[in-house]
2 protein chains.
Amino acid sequence: MKKADRAAVLDVPALSTEGDDAMARRLAALAHPARLRILRRLACADACCCKDVVATTGLAQSTVSQHLKVLVEAGFVAYEPDAQRSRYSLDRRALAMVRQDVDLLLAGCSAGSTCS
Amino acid sequence: MKKADRAAVLDVPALSTEGDDAMARRLAALAHPARLRILRRLACADACCCKDVVATTGLAQSTVSQHLKVLVEAGFVAYEPDAQRSRYSLDRRALAMVRQDVDLLLAGCSAGSTCS
DNA sequence: TTTCTTCATCGTTCATCGGCGATAAACGAT
DNA sequence: ATCGTTTATCGCCGATGAACGATGAAGAAA
């Protein structure tokens with residue numbers, strides 16, 4: 001099969017669902033043990049600064065800052081600069097939405113689902 | 001902070017949860033739009049061969065084979081060779097377990113959760 | 001046997017991730 | 001003004017991921 005033909009097939013809406021990219025991005029943001037730990041750490045307080053998270057993860061500060069950035073960009077964590085500190089706080093609403101993501105996936109994979 | 005000190009911190013059970021690695025691996029297996037498409041494609045029939053999936057994804061056969069391998073290794077898809085074909089089938093039970101993963105994560109991030 | 005189909009695997013290329021140290025900026029404290 | 005703290009970002013590196021084409025094996029079909 002040539003690439004052009006594959007592209008043609010790709011354009012068929014079929015199961016595209018279109019939201020797959022967004023869901024995949026959200027899942028990827030969660031698909032790292034350090035980030036899961038960080039999320040739970042953030043759940044302990046209204047807000048944490050980067051240093052607090054560093055202390056609980058055992059990772060370098062720069063590494064933690066990167067993970068936090070990933071979580072912020074995925075929407076799971078809110079960021080607000082506070083003097084020389086940074087206030088990171090968990091967005092439980094956004095986090096709860098991944099449950100809907102999974103539910104939607106499960107629905108799309110339910111026994112009665114069709115490919116149309 | 002020196003690396004040895006960070007390692008010491010890391011050994012503190014704290015929020016380790018230990019299952020984070022496994023959950024992260026499962027989520028990583030789902031964190032790709034092509035694999036989400038493939039899962040839904042597999043949901044349409046009792047079993048699909050690789051070729052069928054290729055037709056719906058627009059990707060090269062070798063690429064699809066790789067994605068299927070990832071899904072099989074993550075446990076979401078069952079594999080059984082069938083003559084020159086391969087029978088891939090969705091494991092809905094395994095897929096449903098990610099819902100529990102998410103629920104557990106949400107519980108660990110609930111408002112009342114403590115860092116101990 | 002020979003041919004065709006289907007598939008997994010290999011090797012390659014390119015991009016991204018994950019981790020680190022170093023550095024500079026911002027700010028409070030002295 | 002200077003020092004210490006906290007943070008984000010940069011550059012670097014090794015490892016992994018994603019995609020492809022090519023190849024060979026296994027089996028159906030001719």
Side-chain angles (χ1 to χ4, degrees), chain A residues 1-7 9-10 20-21 24-38 41-42 45 47-74 77-89, chain B residues 1-7 9-10 20-21 24-38 41-42 45 47-74 77-89:
Chain A
M1 194 183 209
K2 290 294 177 291
K3 186 180 285 189
D5 299 329
R6 286 204 303 271
V9 173
L10 196 65
D20 281 354
D21 282 34
R25 272 194 299 270
R26 283 190 288 270
L27 291 178
L30 298 181
H32 193 290
R35 289 196 284 270
L36 294 177
R37 287 176 62 98
I38 290 175
R41 174 64 184 86
L42 294 182
C48 296
C49 63
C50 181
K51 183 205 174 215
D52 294 338
V53 179
V54 169
T56 66
T57 57
L59 294 171
Q61 178 266 328
S62 58
T63 304
V64 171
S65 189
Q66 271 301 114
H67 282 309
L68 284 168
K69 187 179 182 182
V70 170
L71 290 171
V72 168
E73 287 175 347
V77 168
Y79 163 76
E80 185 173 8
D82 171 26
Q84 82 273 33
R85 279 208 268 274
S86 295
R87 299 174 58 82
Y88 290 100
S89 56
Chain B
M1 193 182 209
K2 290 296 178 293
K3 186 180 285 188
D5 299 329
R6 285 204 302 273
V9 173
L10 196 65
D20 281 353
D21 283 34
R25 273 194 297 272
R26 283 190 288 270
L27 291 179
L30 298 181
H32 193 291
R35 289 197 283 271
L36 294 177
R37 288 175 62 98
I38 290 175
R41 175 64 184 84
L42 294 182
C48 296
C49 62
C50 181
K51 182 202 175 221
D52 293 339
V53 179
V54 169
T56 67
T57 56
L59 294 171
Q61 179 265 328
S62 57
T63 304
V64 171
S65 188
Q66 271 300 115
H67 282 308
L68 284 167
K69 187 179 182 182
V70 170
L71 291 171
V72 168
E73 286 175 348
V77 168
Y79 162 76
E80 186 173 7
D82 172 25
Q84 82 274 32
R85 279 207 268 274
S86 294
R87 298 175 58 82
Y88 289 100
S89 56

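We name chains A, B, ... by the order of the sequence lines, and we start the count at 1 in each one.
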By the 4.0 Å heavy-atom rule, please label Ser86(A) as base, sugar-phosphate, or nothing. sugar-phosphate
Starting at atom NZ of Lys69(B), determine the distance to atom C1' of dA19(D), rounded to an integer number of angstrom. 15 Å
Shortest side-chain distance from Ala60(A), nucleotide among dC20(C), dT6(C), dT9(C): dC20(C)
If you round to the nearest 0.5 Å, how far is CG of Asp52(A) from OH of Tyr88(A)? 12.0 Å
To the side chain of Leu59(B), which of dT9(D), dA19(D), dC7(C) is closest? dA19(D)
Would you say a side-chain N or O of Tyr88(A) is under 4.0 Å from OP1 or OP2 of dA8(D)? yes
Gap between atoms CG and P, on Leu30(B) and dG17(D) respectively (whole Å): 15 Å
Might you work through the side-chain contact (heavy atoms from CB on, under 4.5 Å) test for Cys48(B) and Arg41(B), ending with a clear yes or no? CA-CA 8 Å; Cys48(B) 296; Arg41(B) 175 64 184 84; 3.3 Å; yes
Rounded off to whole Å, could you give me the CZ-to-C1' distance for the Arg37(A) and dG18(C) pair? 16 Å
Closer to the 5' end of DNA chain C via nearest nucleotide, is it Arg35(A) or Ala83(A)? Arg35(A)
Separation of atom CG in Leu71(A) from atom P in dC17(C), rounded to whole Å: 13 Å
Atom CD of Gln61(A) and atom P of dC20(C) are separated, to the nearest Å, by 11 Å
Return the value, rounded to whole Å, for the distance between atom CD of Gln66(B) and atom C1' of dA22(D). 15 Å
Are any of His67(B)'s side-chain N or O atoms less than 4.0 Å away from OP1 or OP2 of dA19(D)? yes
For Leu59(A), is there any backbone N or O sitting under 3.5 Å from a side-chain donor or acceptor partner on Thr63(A)? no
Residue Cys49(B), side-chain heavy atoms: nucleotide from dC7(C), dT6(D), dA8(D) that is nearest: dC7(C)
Side-chain N or O of His32(A) closer than 4.0 Å to phosphate OP1/OP2 of dT16(C): no
By nearest atom, which of the nucleotides dC7(C), dT7(D), dA26(D) is closest to the Gln84(B) side chain? dA26(D)
Could you walk me through whether His67(A) and His32(A) pass the side-chain contact (heavy atoms from CB on, under 4.5 Å) check? CA-CA 9 Å; His67(A) 282 309; His32(A) 193 290; 3.7 Å; yes
Over all strands shown, is Arg87(A) touching base, sugar-phosphate only, or nothing at heavy-atom distances under 4.0 angstrom? nothing
Do Arg35(B) side-chain atoms and Ala28(B) backbone N/O form a donor-acceptor pair below 3.5 Å? yes
Spacing of Arg85(B) atom CZ relative to dG27(D) atom P, expressed in whole Å: 14 Å
Whichever of Ser62(B) and Thr63(A) has its nearest DNA chain C nucleotide further upstream toward 5': Ser62(B)
For the pair made of CG in Leu68(A) and P in dT9(D), what is the distance, rounded to whole Å? 11 Å
